Amino acid sequence: MQDSQKLKEIVAQFITPSDNLEVKPLGAGHINDSFKVTNGDKQYVLQRINHAIFKNVPELQSNILRVTMHIRQKLMEKGETDIDRKVLTLVPTPEGGLFYKDADGNYWRLMIFIEDSKSYDEINPELAHRAGLAFGDFQKMLADLPGEPLHETIPNFHNMEFRLEEFRNAVGLDRVGRTFEVSELIKEIEARADEMCKPERLHREGKLPKRTNHCDTKVNNILFDNNDEVLCVVDLDTVMPGYVLSDFGDFIRTGANTGAEDDPNLDNVAVNLAIFEGYANGYLQSAIPFLTDIEVENLAFGAKLLTYMQTVRFLTDYINGDTYYKIAYGTHNLVRTKAQFKLLQSLEENFDKMQEIVRNAAQKYKQ
Ligand code: GN1
Ligand code: MG
């Protein structure tokens, strides 16, 4: 972690510091380090971009600029007010750079802090409905992004075939001698592997399109105002082409879990169908005009897929010796794996009900 003086020097690469400049740790992401900056009466978010994971920072930042400028334009056209709280705003360096690289090779960026906002790790069906509307709108606003497709900031990010290949490599290498301990989990993963690669097959057959997706629709990546109205969607590092079932599924994985992502008590973990229903209704209300029947038919599957994918990713990292995700204790990735697998089992048990909820919602909002 950087010391406070160093952080202040980094902030000074973007803005002119005042006497009362303050930099404090912020948030709990698994990848980047975030800090809240107070400078005079202005507030910002400073982030150290995890360059081991986001290997091409210029491309990453150019994606974010394009996405945020496009959304800003849409909000202006709609006559929205208070736009700085409804879309992220990058603060460039005086030379117009979108990031700063320090002498140690760390990459930094600055954004405007969204005031009077909050995020939730646990929500209720009504908030889930609002979040569904917001993520649907997000995809809708980005559907006509002009120019080249966005860069894949992490190649094959939500490609299940690729994630399984990484997983099998890790198992084969067994770098830190952990595979024996997790052999039951490995069997469970392999038993589902073929089913979970369905989206890649559908895509190759031309039946499932890629659209501009958020690709990290964790429940706490939505900011609400003090009246619990959605302000905006944050954490835009992974906005890139993907399947809509991915974005749908990742919200359910995080927002409709009765336990925590890393719950050590598996009895806490299950799908909350009321939240599933709230989100499905909100999402379909806003997204039904552009979704195909195959996409709608696979939304509930997306919840299983993203939970399975996260199980695979956490277990791969555990087997590799914890090189990707930040961990708080030695077995953290294993605990996360077990909690995600428990959620997957609950989603499997409730799959028919989830399918019915999606079908009913689609029926309701179809013209
Ligand atoms: C990471 O940084 P954060 O916490 O938003 C990860 C997501 C995972 C998530 C699991 C770039 O997101 O894909 O779903 O952890 N982001 C990256 O909680 O790998
Ligand atoms: Mg993220």
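Each residue takes its place number in the sequence, starting with 1. No experiment lies behind these values; they were computed from the predicted model shown. Basis for what follows: all heavy atoms, side chains included, without hydrogens, waters or symmetry-related copies.
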If every non-hydrogen atom of [X] is compared with every non-hydrogen atom of [Y], which pair is closest and at what distance?
X    : Y    : answer
L21  : V37  : CD1-CG1, 3.6 Å
G105 : H51  : O-CD2, 4.3 Å
R85  : L231 : O-CB, 3.5 Å
F251 : V219 : CE1-CA, 3.8 Å
N220 : S119 : O-CB, 3.5 Å
Y308 : I189 : OH-O, 2.8 Å

Return yes if some donor-acceptor pair links the side-chain N/O of [X] with the main-chain N/O of [Y] below 3.5 Å, else return no.
X    : Y    : result
H30  : K326 : no
T331 : L334 : no
H70  : M141 : yes
N272 : I275 : yes
N281 : E277 : yes
N156 : N159 : no
D174 : T179 : yes
R66  : P146 : yes
S34  : Q47  : no
N50  : N32  : no

Above 12 or not: heavy atoms from other molecules or residues under 6.0 Å from [atom1] of [X]?
X    : atom1 : result
K338 : NZ    : no
E126 : CD    : yes
K210 : NZ    : yes
E148 : CD    : no
K42  : NZ    : no
K118 : NZ    : yes
Y329 : OH    : yes
N20  : CG    : yes

Among the clusters formed by ILVMFWY side chains lying less than 4.5 Å apart, do F167 and F157 turn up in the same one?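 Cluster IDs for F167 and F157 match.
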Are F14 and M111 in one and the same hydrophobic cluster, where Ile, Leu, Val, Met, Phe, Trp and Tyr link if side-chain heavy atoms are under 4.5 Å apart?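 Not linked; separate clusters.
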Should N39 and S18 be marked as a side-chain hydrogen bond (donor to acceptor under 3.5 Å, both in side chains) after you check the CA-CA gap, both sets of side-chain angles, and the distance that decides it? CA-CA 6 Å; N39 191 43; S18 67; 2.9 Å; yes
For residues [X] and [Y], determine if any side-chain heavy atom of one lies less than 4.5 Å from a side-chain heavy atom of the other.
X    : Y    : result
I64  : V239 : no
T68  : T89  : no
T153 : E59  : no
L306 : S246 : yes
N63  : L236 : no
Y325 : I31  : yes
I154 : I53  : yes

Can we say [X] and [Y] salt-bridge, meaning some charged N sits less than 4.0 Å from an Asp/Glu carboxylate O?
X    : Y    : result
D104 : K6   : yes
D102 : R48  : no
K36  : E22  : no
D137 : K74  : no
K8   : D3   : no
K187 : E190 : no
E297 : K207 : no
E200 : R204 : no

Are D235 and H214 close enough, and set up right, to give a side-chain hydrogen bond (donor to acceptor under 3.5 Å, both in side chains), and what steps lead you there? CA-CA 9 Å; D235 192 356; H214 183 277; 5.9 Å; no
Applying side-chain hydrogen bond (donor to acceptor under 3.5 Å, both in side chains), name anything that partners Q13, two or more places apart in sequence or on another chain.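 Counting only residues at least two positions away or on another chain, Q13 forms no side-chain hydrogen bond (donor to acceptor under 3.5 Å, both in side chains).
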Could you tell me which residues satisfy side-chain hydrogen bond (donor to acceptor under 3.5 Å, both in side chains) with E77, sequence neighbours excluded, listed by chain and number?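 Only Q73 meet the side-chain hydrogen bond (donor to acceptor under 3.5 Å, both in side chains) criterion with E77.
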Quick check for you: to the nearest 0.5 Å, what is the distance between E80 atom CD and K86 atom NZ?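 Interatomic distance, E80 CD to K86 NZ, rounded to 0.5 Å: 4.0 Å.
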How long is the gap from CG on L133 to CG on L284, to the nearest 0.5 Å?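 These two atoms lie 10.0 Å from each other.
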Sub-6.0 Å ring centroid separation between Y318 and Y324: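 That pair fails the under 6.0 Å test.
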Is the distance between the ring centroids of F248 and F135 less than 6.0 Å?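 No: the rings miss the under 6.0 Å criterion.
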Check the orientation of W108 and F35. Use parallel for under 30°, tilted for 30 to 60°, and perpendicular for over 60°.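 Answer is tilted, since the angle falls between 30° and 60°.
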Would R336 and H332 count as a side-chain contact (heavy atoms from CB on, under 4.5 Å) if you check the C-alpha gap in whole Å, the side-chain angles of each, and the deciding distance to 0.1 Å? CA-CA 6 Å; R336 286 167 169 157; H332 203 167; 3.5 Å; yes
Could you give me the CA-CA distance, side-chain angles and deciding distance for E261 and Q340, then say whether side-chain contact (heavy atoms from CB on, under 4.5 Å) is met? CA-CA 7 Å; E261 183 183 64; Q340 292 295 293; 3.5 Å; yes
Does D228 form a side-chain hydrogen bond (donor to acceptor under 3.5 Å, both in side chains) with Y120? I'd like the steps, not just the answer. CA-CA 10 Å; D228 278 339; Y120 290 100; 2.6 Å; yes
List the steps and the verdict of side-chain hydrogen bond (donor to acceptor under 3.5 Å, both in side chains) for R163 and T316. CA-CA 9 Å; R163 294 292 178 189; T316 303; over 6 Å; no
What's the verdict on side-chain contact (heavy atoms from CB on, under 4.5 Å) for V244 and Y283, showing C-alpha distance, side-chain angles and the deciding distance? CA-CA 11 Å; V244 293; Y283 178 66; 3.5 Å; yes
For L202 and N298, run side-chain contact (heavy atoms from CB on, under 4.5 Å): C-alpha distance rounded to whole Å, both residues' side-chain angles, the deciding distance at 0.1 Å, then the answer. CA-CA 11 Å; L202 287 174; N298 281 290; 4.0 Å; yes
With F301, the side chain to side chain contact (heavy atoms under 4.5 Å, CB included) member among M354, E195, Q355: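 Exactly one pass, corresponding to E195.
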